[in-house]
Student: 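There's a structure below that I have some questions on.
Everything numeric in this text was worked out from a predicted model, so none of it was measured. Residue indices begin at 1 and follow the sequence shown.
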Amino acid sequence: MTGAPASAAGGSGAKPVRGGKLGSAAVNQASLWNIANLLTMLRLVLVPGFVMLLLHNGGYDPVWRSFAWAAFAVAMITDLFDGHLARTYNLVTDFGKIADPIADKAIMGAALICLSYLGDLPWWVTGVILFREIGITLMRFWVIRHAVIPASRGGKMKTLAQGTAVGMYVLALTGPLATLRFWVMAVAVVLTVVTGLDYVRQAVVLRRKGLAAEKAAGANATSAAAAVTAGSAGAAGSGTSEGAAGSGGAGASTGAAGSGGAGATEGAGPVSGAPGGRGSAEAER
């Protein structure tokens, strides 16, 4: 026993309870390392590995391109699962919201740029797809303060078509399969443009609704403040009127009393002086 209180000794005096809840900071820190975020991190790590495998030996070795396809396939599969796991098991974090779309665009962009660099894919196809993907990502952040643009069925079909087409181009295909991958990529480009235009329309509508709601909320707040101000002014005016009425009544009462007293005094003077006047006249006679 030191005789010092627990607070002075640097503690709270209460022992930690086994199995008790951690603080919010500790919970948030631990939630960063969940399975959904780990899959997203894996996809980010696969990007440079995929590029090295695809460009190895000049980029035309079928074996190394098969390895690159395997890395690309793993990245696409993790893209399907991380978001589903995060929503199903409540593993959504700020890191995941930012890193997941970056990982998606990184692996797809790396594949498209490498394929165009190798001459397997026209540069305009890469430009159209990347312009759409980056533009829609920026637009999502533009409207996120007002609403979240939901993923549409067309967007999911676009992702599937892009992944399938790029995967077929990564593989060293020849013959009918090479012709097939051309048409799959054509479908992916069409879906990319159509869904991109639809997302732009949704973003504009959601932003307009959000701004209208903000204006309506501001107008309601202004009206409420004006009503409160008017009520306070009315209460203050009512109190002033009551005070003025009280002062006027007291003044009237005081004036009436004073006037009455003065009148009585003036009236008493002549009455008492009349007999005296007659007495003086009679004495002079």
Student: To the nearest 0.5 Å, how far apart are OH in Tyr199 and CD1 in Ile136?
Tutor: 8.0 Å
Student: Just so I know, are the side chains of Ile129 and Leu112 near enough to count as touching, which here means a heavy-atom distance under 4.5 Å?
Tutor: yes
Student: Once you round to the nearest 0.5 Å, how far does CG of Leu206 lie from CE of Met139?
Tutor: 11.0 Å
Student: With side-chain contact (heavy atoms from CB on, under 4.5 Å) as the criterion, how do Lys158 and Glu133 come out once you've worked through the C-alpha distance, each side chain's angles and the decisive distance to 0.1 Å?
Tutor: CA-CA 11 Å; Lys158 179 270 306 177; Glu133 298 300 330; 2.9 Å; yes
Student: Does some side-chain heavy atom of Phe50 sit less than 4.5 Å from a side-chain heavy atom of Ile107?
Tutor: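 Of all side-chain heavy-atom pairs linking Phe50 with Ile107, at least one is under 4.5 Å.
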Student: Pair Lys97, Val92 - check side-chain contact (heavy atoms from CB on, under 4.5 Å), show working.
Tutor: CA-CA 7 Å; Lys97 293 177 182 178; Val92 178; 3.5 Å; yes
Student: Are Ile113 and Leu118 connected in the hydrophobic side-chain network, where two residues link if heavy atoms are under 4.5 Å apart?
Tutor: yes
Student: Are the side chains of Val184 and Tyr169 in touch, meaning some heavy atoms are under 4.5 Å apart?
Tutor: no
Student: Any non-hydrogen side-chain atom of Arg43 less than 4.5 Å from a side-chain atom of Asp79?
Tutor: yes
Student: Any side-chain heavy-atom pair from Leu130 and Met108 closer than 4.5 angstrom?
Tutor: no
Student: Tell me, please, which residues at least two apart from Arg153 pass salt bridge (charged side-chain N to carboxylate O under 4.0 Å, His left out).
Tutor: none
Student: side-chain contact (heavy atoms from CB on, under 4.5 Å) for Trp123 and Leu115? Distances and angles first, verdict last.
Tutor: CA-CA 9 Å; Trp123 276 106; Leu115 290 172; over 6 Å; no
Student: Kindly indicate, with the supporting measurements, whether the criterion side-chain contact (heavy atoms from CB on, under 4.5 Å) is fulfilled by Lys105 and Ile134.
Tutor: CA-CA 8 Å; Lys105 306 307 179 286; Ile134 297 174; 5.6 Å; no
Student: Does Gly96 offer a backbone N or O that forms a donor-acceptor pair with the side chain of Asp100 under 3.5 Å?
Tutor: no
Student: Between Arg207 and Val143, which heavy-atom pair has the shortest distance, and what is it?
Tutor: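 Minimum heavy-atom contact is CB-CG1, 4.2 Å.
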Student: Drop me the distance from Thr78's OG1 to Leu44's CG, to the nearest 0.5 angstrom.
Tutor: 9.5 Å
Student: Taking all non-hydrogen atoms of both residues into account, name the closest pair between Cys114 and Val51 and its distance.
Tutor: SG-CG1, 4.0 Å
Student: Answer yes or no: does atom CG of Asn57 have more than 12 heavy-atom neighbours from other residues, nucleotides or ligands under 6.0 Å?
Tutor: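 Yes - once you tally the heavy atoms of other residues, nucleotides and ligands closer than 6.0 Å, there are more than 12.
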Student: So if you build clusters from Ile, Leu, Val, Met, Phe, Trp, Tyr with side-chain heavy-atom gaps below 4.5 Å, do Trp124 and Val194 land together?
Tutor: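 In one cluster: no.
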Student: Working note: Asn37 + Thr93, criterion side chain to side chain donor-acceptor pair (under 3.5 Å); need CA distance, chi angles, decisive distance, verdict.
Tutor: CA-CA 8 Å; Asn37 286 345; Thr93 61; 3.0 Å; yes
Student: Is there a side-chain contact between Val125 and Val189 in this structure, where contact means two heavy atoms from C-beta onward sitting under 4.5 Å apart?
Tutor: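 Yes. Closest side-chain heavy atoms under 4.5 Å.
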Student: Is atom OH of Tyr60 surrounded by more than 12 heavy atoms (other residues, nucleotides or ligands) closer than 6.0 Å?
Tutor: yes
Student: Is it true that, when you exclude Met168 itself, more than 12 heavy atoms of the residues, nucleotides or ligands shown sit nearer than 6.0 Å to its CE?
Tutor: yes
Student: What pair of heavy atoms forms the shortest contact from Phe72 to Gly167, and how long is it?
Tutor: CE2-N, 3.9 Å
Student: Under a 4.5 Å cut-off applied to non-hydrogen side-chain atoms, are Leu55 and Tyr117 in contact?
Tutor: yes
Student: Please give me the minimum heavy-atom distance between Leu53 and Ala71, naming the atom from each residue.
Tutor: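 Taking Leu53 first and Ala71 second, the nearest heavy atoms are CD1-CB, 4.3 Å.
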Student: Under 3.5 Å, is there a donor-acceptor pair between the side chain of Thr164 and the main chain of Ala161?
Tutor: no
Student: Have Thr195 and Arg132 got a donor and an acceptor in their side chains that come within less than 3.5 Å?
Tutor: yes
Student: State, yes or no, whether a side-chain contact exists between Met41 and Trp33 at a heavy-atom distance under 4.5 Å.
Tutor: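 Answer yes - side chains close enough.
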Student: Indicate the atoms forming the closest heavy-atom contact of Leu85 with Ala36, along with that distance.
Tutor: CB-CB, 4.5 Å
Student: Using a strict cut-off of less than 4.0 Å between a Lys/Arg side-chain nitrogen and an Asp/Glu carboxylate oxygen, indicate whether Lys209 and Glu214 qualify as a salt bridge.
Tutor: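 Answer for the salt bridge query: no.
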Student: With a 4.0 Å cut-off, would you call Arg65 and Asp120 a salt bridge?
Tutor: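 Yes, this pair counts.
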